[in-house]
2 protein chains.
Amino acid sequence: MYLRYLEDLAARGLATASSDALANLCGTTPAQVRKDLSFFGSFGKRGLGYPVQELIDHLREILGLQQDWPVVIIGAGKIGAALADYRGFLQRGFRVVGVYDNDPAKVGRPWGGSHIRDIAALAPDVRAQGVQMAVLAVPADHAQQVVDLAIQAGIRAILNFAPAQLAVPPHVSLKAVNMAMEMEGLAFALTHADAP
Amino acid sequence: MYLRYLEDLAARGLATASSDALANLCGTTPAQVRKDLSFFGSFGKRGLGYPVQELIDHLREILGLQQDWPVVIIGAGKIGAALADYRGFLQRGFRVVGVYDNDPAKVGRPWGGSHIRDIAALAPDVRAQGVQMAVLAVPADHAQQVVDLAIQAGIRAILNFAPAQLAVPPHVSLKAVNMAMEMEGLAFALTHADAP
DNA sequence: CTACACTTGTGAAGAATTTCACAAGCCCTC
DNA sequence: GAGGGCTTGTGAAATTCTTCACAAGTGTAG
């Protein structure tokens with residue numbers, strides 16, 4: 001989050017940012033900002049604030065964003081297809097190198113400079129290209145089975161859009177985006193907003 | 001999360017679930033489960049566990065899910081269009097009643113039983129149908145302006161897919177889904193996994 | 001009806017996180 | 001180069017969250 005705002009500030013030409021300024025942008029407190037950043041090192045200059053570009057570089061290095069990450073998308077349904085063309089990924093250094101599906105009707109359909117590939121090709125492709133990250137956009141009832149396959153193939157980080165809780169071994173990182181659950185959180189907020 | 005798993009258990013025909021069982025499913029601890037649930041009331045039976053169906057009903061009421069929520073989707077790009085057809089929403093009681101865009105090339109295009117509508121129609125539609133929830137899937141640089149418009153129209157809860165931090169007044173709930181940021185979290189995990 | 005095996009609900013203890021508050025440091029001005 | 005206005009980095013305090021541990025129920029079996 002800090003990185004995002006710092007890039008905004010850099011784009012606007014600011015050379016330094018105080019913890020106060022960052023806190024206002026991020027909706028936290030100055031003390032929180034300072035504690036968070038100090039966890040990774042001492043990046044600020046007293047009296048001045050944090051040097052924007054320098055801090056950006058540090059954060060990008062900490063996050064491991066100084067390289068491009070190849071990513072595969074598994075599932076070429078509506079969501080998978082939308083993600084495959086999502087510019088936000090490439091902008092942030094994530095290069096979608098392949099889209100996979102098991103539906104013969106979808107396999108072979110053109111995508112990017114190539115075409116949608118059969119899920120059977122996932123393992124060899126992943127190994128050949130050293131891909132470590134996958135985005136999962138398959139129906140919930142196949143999700144676990146597909147994850148197992150992906151991990152077998154060498155995937156070590158997964159962003160899961162399927163509305164299913166997945167089990168992965170400890171060396172694999174997993175993040176889930178559950179849109180319906182987010183909506184339910186909003187419904188809760190709405191039903192309780194009137195009586196605070 | 002508890003609701004999700006309880007529904008699974010109900011579908012499998014289980015009548016009761018212990019905090020231990022729920023904890024295993026959710027990846028937390030029995031004590032956590034009990035504390036969480038006890039915040040809203042005393043739902044369990046000592047010696048037995050929690051009555052599954054009864055707890056489901058309670059949670060649905062707490063979350064405000066006993067009604068269907070009408071939802072509008074703003075932005076008919078790739079992501080917006082995918083969300084408009086996303087079955088997961090309807091399954092969970094969120095009925096997409098309209099899709100809006102400001103691009104004349106998209107406005108009028110068929111969608112569902114109707115068609116994509118002009119953003120100018122948002123305010124009257126929202127008021128007429130009493131819609132309180134919106135999903136935002138527009139480019140980041142228009143997001144704030146569109147949110148302001150939506151709030152003006154009467155929207156009080158927003159699920160934001162645009163990679164932008166939005167400012168909303170206190171009576172409006174906002175949740176953001178930032179896919180690139182999730183990927184960056186995974187990149188961090190990957191770069192630090194090897195040296196624990 | 002009693003003994004027993006379970007499981008909840010919850011104060012209290014423990015751990016983690018956030019906030020406070022201030023010494024130390026930096027820059028600018030005079 | 002001394003003084004003053006800012007701002008960081010960080011121990012300590014305050015707060016919040018999680019875990020522990022056990023009394024109090026509940027159902028079952030004999």
Side-chain angles (χ1 to χ4, degrees), chain A residues 1-3 5-10 12-63 165 170 175 181 185 188-189 192 196, chain B residues 1-3 5-10 12-63 165 170 175 181 185 188-189 192 196:
Chain A
M1 184 174 59
Y2 295 134
L3 178 57
Y5 282 113
L6 285 163
E7 285 170 339
D8 274 8
L9 294 176
R12 288 200 267 134
L14 280 86
T16 62
S18 68
S19 59
D20 218 11
L22 284 171
N24 285 338
L25 286 173
C26 301
T28 67
T29 65
Q32 185 72 68
V33 172
R34 295 203 295 276
K35 262 280 195 290
D36 285 349
L37 295 178
S38 76
F39 182 80
F40 292 106
S42 181
F43 304 124
K45 284 205 188 359
R46 299 180 185 211
L48 260 190
Y50 296 89
V52 171
Q53 190 55 54
E54 212 175 302
L55 184 50
I56 288 175
D57 295 344
H58 274 122
L59 291 180
R60 293 186 65 83
E61 181 171 352
I62 289 163
L63 289 171
Q165 203 82 3
K175 295 216 176 208
M181 223 181 260
F188 175 74
H192 292 77
Chain B
M1 184 174 60
Y2 295 134
L3 178 57
Y5 283 112
L6 285 163
E7 285 170 339
D8 274 8
L9 294 176
R12 288 201 267 133
L14 280 85
T16 62
S18 68
S19 57
D20 218 11
L22 284 172
N24 284 339
L25 285 174
C26 300
T28 67
T29 65
Q32 186 70 67
V33 172
R34 295 205 294 276
K35 262 280 194 290
D36 286 348
L37 294 178
S38 76
F39 181 82
F40 292 105
S42 181
F43 304 123
K45 284 207 183 8
R46 302 182 181 208
L48 259 192
Y50 296 89
V52 171
Q53 190 55 52
E54 213 176 302
L55 184 50
I56 287 174
D57 294 344
H58 273 121
L59 291 181
R60 294 186 64 83
E61 180 171 352
I62 289 164
L63 290 171
Q165 204 79 5
K175 295 218 176 206
M181 221 181 263
F188 176 74
H192 293 78

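All values below were derived from every heavy atom in this structure, side-chain atoms included, with hydrogens, water molecules and symmetry-related copies excluded. In what follows, every chain begins at residue 1, and chains take the letters A, B, ... in the order their sequences are listed.
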Could you tell me which non-hydrogen atom of [X] sits nearest to which non-hydrogen atom of [Y], and how far apart they are?
X	Y	value
B:Asp20	B:Pro30	OD1-CG, 3.1 Å
A:Thr29	A:Ala23	C-CB, 3.3 Å
B:Thr28	B:Val33	OG1-CG2, 3.7 Å

Whole-Å distance separating the [atom1] atom of [X] from the [atom2] atom of [N]:
X	N	atom1	atom2	value
A:Asp36	C:dT18	CG	P	7 Å
B:Glu54	C:dT8	CD	C1'	14 Å
B:Tyr50	C:dC6	OH	C1'	13 Å

Pair A:Leu25-A:Asp8, side chain to side chain contact (heavy atoms under 4.5 Å, CB included): steps then yes or no: CA-CA 10 Å; A:Leu25 286 173; A:Asp8 274 8; over 6 Å; no

Shoot me the first and last contacting nucleotide of DNA chain D against chain A, ordered 5' to 3', at under 4.0 angstrom to non-hydrogen atoms. D:dC6 to D:dA12

What residues from residues 16-29 of chain A pass a heavy-atom cutoff of under 4.0 Å to DNA chain C?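 When residues 16-29 of chain A is checked for heavy atoms under 4.0 Å from DNA chain C, the hits, listed by number, are A:Thr29.
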
[X] side, atom [atom1]; [Y] side, atom [atom2] - distance, nearest 0.5 Å:
X	Y	atom1	atom2	result
B:Met1	B:Leu59	CE	CG	11.0 Å
B:Leu22	B:Tyr5	CG	OH	10.5 Å
B:Met181	A:Leu63	CE	CG	10.0 Å

Which residues pass the side chain to side chain contact (heavy atoms under 4.5 Å, CB included) test with B:Glu7, sequence neighbours left out? B:Leu3, B:Arg4, B:Ile56, B:Arg60, B:Arg92

Qualifying residues under side chain to side chain contact (heavy atoms under 4.5 Å, CB included), relative to B:Asp57, sequence neighbours excluded: B:Gln53

Does anything in residues 31-51 of chain B form a ring pair (Phe, Tyr, Trp, His ring centres under 6.0 Å)? List the pairs, not counting sequence neighbours.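 For residues 31-51 of chain B: B:Phe43-B:His58.
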
Its contact letters, B for base, S for sugar-phosphate only and - for none at protein heavy atoms under 4.0 Å, make nucleotides 25-30 of chain C read BBS---

Output yes when at least one side-chain N/O atom of A:Gln32 is less than 4.0 Å from OP1 or OP2 of C:dT19, else no.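 Yes, because at least one side-chain N or O of A:Gln32 sits under 4.0 Å from OP1 or OP2 of C:dT19.
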
